[in-house]
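First the structure, in the form of structure tokens, and then the observations on it.
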Amino acid sequence: MFESLTERLEMAFKHLKGESKLTEVNIASTLKDIRRALVAADVHYKIAREFTEKVKEEALGQQNRLRNVKPGQLLVKIVHEKLTELMGSDAVDIHLTGNPAIVLIAGLQGSGKTTFSAKLAKYVRDHKKKRPLLVACDVYRPAAIEQLRVLGEQIKVEVFSDEESKDPVDIARRAVEYARQKGYNVVIVDTAGRLSIDDEMMREIKSLKEALKPSETLFVVDAMTGQDAVNTAKAFNEVIDYDGVVLTKLDGDTRGGAALSIKYVVGKPLKFVSHGEKLNALDVFHPERMAQRILGMGDIVTLVEKAQAEIDEREARRLEKKIRKNQFDFNDFLAQIHQIRRMGDLKSLLSLLPGMNKVLKHIEIDDSAFKKIEAIILSMTPEERANPQILNHSRKRRIARGSGNDIHEVNQFIKQFEQMRKMMHQLSKGKGMFPLMQQFGLGKRR
Amino acid sequence: MIFKKWWGKSDKEAVEQGLQKTKEGFWGRLKRSVLGKDRVDDDMLDQIEEALIEADVGVDTTVEIIQRLEQRIARDKYISTDELHQILIDEIGSMLKDTSDQEGGVSEPPYVILIVGVNGVGKTTTIGKLAYRYIQQGKTVLMGAADTFRAAAIDQLKIWAERTGAQFYAKQMGADPAAVAYEAVQQAIKQHIDVVLIDTAGRLHNKSHLMRELAKIRKALHKAKPGAPHEVLLVLDATTGQNAFEQCKQFSEVTEVTGLVLTKLDGTAKGGVVIGLSHQFDIPIKYIGVGEQMDALKTFDKRAFLEALFSPQRADV
């Protein structure tokens, strides 16, 4: 996330290396770089300009008090503070009040409303212990209803729809009634994508909001949006006065400067960020962490929370014991792979570690490499999985055939596994929660 | 809220007014600012710069455009403000690659078009409109549903096939997209179809395995018919900002993009990023999407696009 912005900021700060004091003169070119970095990251140009003005005032003012701080560091600190302030100081939770609580989803075409609706349903069920119902109110786009239905099936959440009706307000009303009868306590209403200048469609979303009185209205916006983000965000806000913003497709090199612009112009909190196509790739938005991420300070808190949610403590203790006794086997390995895959894709997970942004840029991590490993392990007999040492040449040959791999690849994997086991055993005398991370050998240099 | 405290109310109002101002229109604003002046000055160039940035043209391309203007002003010595409009259109226009107008023309049909792009840009809708366009021209069209990943993508394409009267080839969800593409072309050859449109799953350009899959689809098309795909159209959403450069770069690397389609130009976004794209990657912009109706796909008109770039609202391009 925000990789390019981070890189550009880093470059901007380099200009100040070796300077002992900030002056109007030497700060000017750095601020220009920062401003360009922000615009290149799709922050609205006027907001970028005001942002750097504020940073300048603050920096020149503060340095008289903070004599021992290097100019570059001082600027990092101030930019970070200001970014955090701009993004909002605390994470704001989704409001789910009323029975059922109603959540209305709105946005432009192709912003990712339907996928987000499904992710949100899964999120409120898994993390808020709610019983969600999804409602398909996009009666225009071909197969939109079908799309939500398929996603609902995947996450096992019921989808309310009516292929016959062309009246979203009516569908939504009946869905709420249905939810009451069936005991669903959260109703998530997916709506059609619409342009902010399409008056008729904007009236429709307005009447949906008036009819449903949702406890939460979310505006979904593509993280790749450019300068127009401010126009659209404002126009939607004027019509439906939404409670929060969702940033989608925040993968890899998506810079997401639109997030900054929207927050500045409408003042509504960013509540979720969504990335990847996996239906659990949804994160609560943390302003402080996002600001740190922009500056390349990494995001350890998110990583730890992610890991905690997925890894059962007891399982972890059991595993640790096994590792200490050097009994870690292929079954355990497979279980760990599954755990990591559940957390999202490996690259986005690794990018949360400080400094990894730069490293990852040159490394291609292929999630499908997991598949190969999985295939190899699954081609082993239960006995082999539990006792790696019994693997002899003929067993390996059978495994290679069974998993569709070359014998060399099987050999290589087993060798890596042995090395890893040894290393984990040694590490277990220290701490090492993520021995796997260092040992995957999945990263290939490009 | 904290950000209000920090910026203060007046600043925020200034930005809001600023945004309002852009709605008034660039030329109106420029005319007002040049009132009483007869020569182009720095103030005017600044305004042009802002208008370009705001239209998502991007920092680098904007700088280049401004430099060209400055050179022109230096060379021609005297440029009246009336001439400025035309010069601006000329200079930017020269950065846009022209299309070689070969629409569906190939000695031995089918003419195969592969449609690629990131998620949610409007690939499937574009295919529907392209099919309508070719059918209006009296050609027969077959759509190949190689997006076997997104929920209901096949159904969505099928509805478009029914609406437009195109033939349709699909397999089940999760099928190998390259196999679908190959078989779609074979089917088209058998049925003597003129144009084949291959839909692909939206993929973020930084997912390397998905990009490799695209290369494989391309290969499969070539295998099914030498010379295919005759066109690879990269679909871009007009609301997209500078990330479009990365998209264009990555997709070009694996599929040799031959043309751009800019969708959703009926909104408030101007899609100025394509200027830099067309210039840097030497790819023409072929079509623009201006609505959800079947006929809302137009061939790219340079002049209309550039006029709209500086206009308050995109009327009808």
Side-chain angles (χ1 to χ4, degrees), chain A residues 36 39-42 44-47 50 54 82 85-86 88-89 108-112 114-115 140-151 154 195-198 222-232 234-235 249 251-255 257-258 263-265 267 277 364 366-368, chain B residues 1-4 6-7 11-12 14-16 18-19 50 53-56 58-60 118-122 124-125 128 149-160 163 173 204-209 237-244 246-247 263-264 266-270 272-273 292 313:
Chain A
R36 281 193 165 190
V39 172
D42 293 322
H44 193 271
Y45 76 99
K46 283 184 176 142
I47 295 162
E50 300 206 4
K54 296 288 169 184
K82 293 302 165 201
E85 270 181 33
L86 177 57
S89 50
L108 294 179
Q109 289 92 338
S111 53
T114 305
T115 306
Y140 308 100
R141 185 166 63 88
I145 296 172
E146 182 61 21
Q147 186 186 354
L148 191 63
R149 211 152 38 204
V150 172
L151 292 173
Q154 283 173 18
L195 291 167
S196 60
I197 50 168
D198 185 336
D222 185 329
M224 293 180 277
T225 309
Q227 302 280 313
D228 186 55
V230 287
N231 300 325
T232 308
K234 256 182 78 182
K249 307 181 207 170
D251 301 53
D253 59 11
T254 310
R255 300 165 195 184
K263 185 64 177 51
Y264 179 71
V265 172
E277 316 225 17
E364 198 177 314
D366 192 349
D367 275 344
S368 69
Chain B
M1 247 163 269
I2 287 173
F3 75 91
K4 270 194 186 147
W6 179 39
W7 257 283
D11 292 336
K12 192 162 153 43
V15 170
E16 300 224 330
L19 292 174
E50 283 185 5
I53 291 284
E54 189 156 34
D56 282 318
V59 175
D60 295 340
V118 302
N119 313 65
V121 289
T124 309
T125 308
F149 177 77
R150 182 171 63 89
I154 297 172
D155 302 87
Q156 189 184 346
L157 193 68
K158 191 171 179 195
I159 293 169
W160 273 109
R163 274 188 194 170
M173 277 276 288
L204 290 175
H205 47 284
N206 54 347
K207 302 270 189 235
S208 55
H209 57 292
D237 183 328
T239 59
T240 304
Q242 301 311 303
N243 188 264
E246 270 309 306
Q247 294 175 23
T263 60
K264 307 184 200 175
D266 46 337
T268 45
K270 312 259 191 200
V273 72
E292 293 183 329
Q313 268 201 356

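What you see below is based on every heavy atom in this structure, not just the backbone, and it leaves out hydrogens, waters and symmetry mates. Chain letters run A, B, ... following the sequence lines, proteins first, then strands; residues in each count from 1.
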(request) Kindly determine whether B/Arg150 and A/Gln147 satisfy side-chain contact (heavy atoms from CB on, under 4.5 Å), including the steps that lead there. (result) CA-CA 8 Å; B/Arg150 182 171 63 89; A/Gln147 186 186 354; 3.1 Å; yes
(request) For chain B, find which of A/Ala144, A/Ala229, A/Ala143 contributes the most heavy-atom pairs closer than 4.5 angstrom. (result) A/Ala143
(request) Would you please name every residue forming a side-chain hydrogen bond (donor to acceptor under 3.5 Å, both in side chains) with A/Thr232, sequence neighbours left out? (result) A/Asp228
(message) Contact between A/Met224 and B/Leu204 at the side-chain level, heavy atoms closer than 4.5 Å - yes or no?
(response) yes
(message) Quick check: do B/Asp266 and A/Leu195 have side-chain heavy atoms less than 4.5 Å from each other?
(response) yes
(request) Please indicate whether B/Glu292 has more than 12 foreign heavy atoms, meaning atoms of other residues, nucleotides or ligands, lying under 6.0 Å from its CD. (result) no
(message) Please give me the minimum heavy-atom distance between B/Asn243 and A/Asp42, naming the atom from each residue.
(response) N-OD2, 4.0 Å
(request) With a 4.5 angstrom heavy-atom cut-off, could you sort out which part of A/Arg141 is near chain B: side chain, backbone, both or neither? (result) side chain
(message) Out of B/Ala238, B/Ala55, B/Gly122, B/Gly241, return the one with the most heavy atom pairs under 4.5 angstrom to chain A.
(response) B/Gly241
(request) To the nearest 0.5 angstrom, please state how far the OG1 atom of B/Thr240 sits from the NZ atom of A/Lys249. (result) 7.5 Å
(message) Heavy-atom pairs under 4.5 Å with chain A: which of B/Asp56, B/Val118, B/Thr263, B/Thr125 has the most?
(response) B/Asp56
(request) To the nearest 0.5 Å, tell me how far A/Lys46 NZ sits from B/Ile53 CD1. (result) 12.0 Å
(message) Heavy-atom cut-off 4.5 Å, strictly under: side chain, backbone, both or neither for B/Val121 against chain A?
(response) neither
(message) What part of A/Leu108 gets within 4.5 angstrom of chain B, counting heavy atoms only: side chain, backbone, both, or neither?
(response) side chain
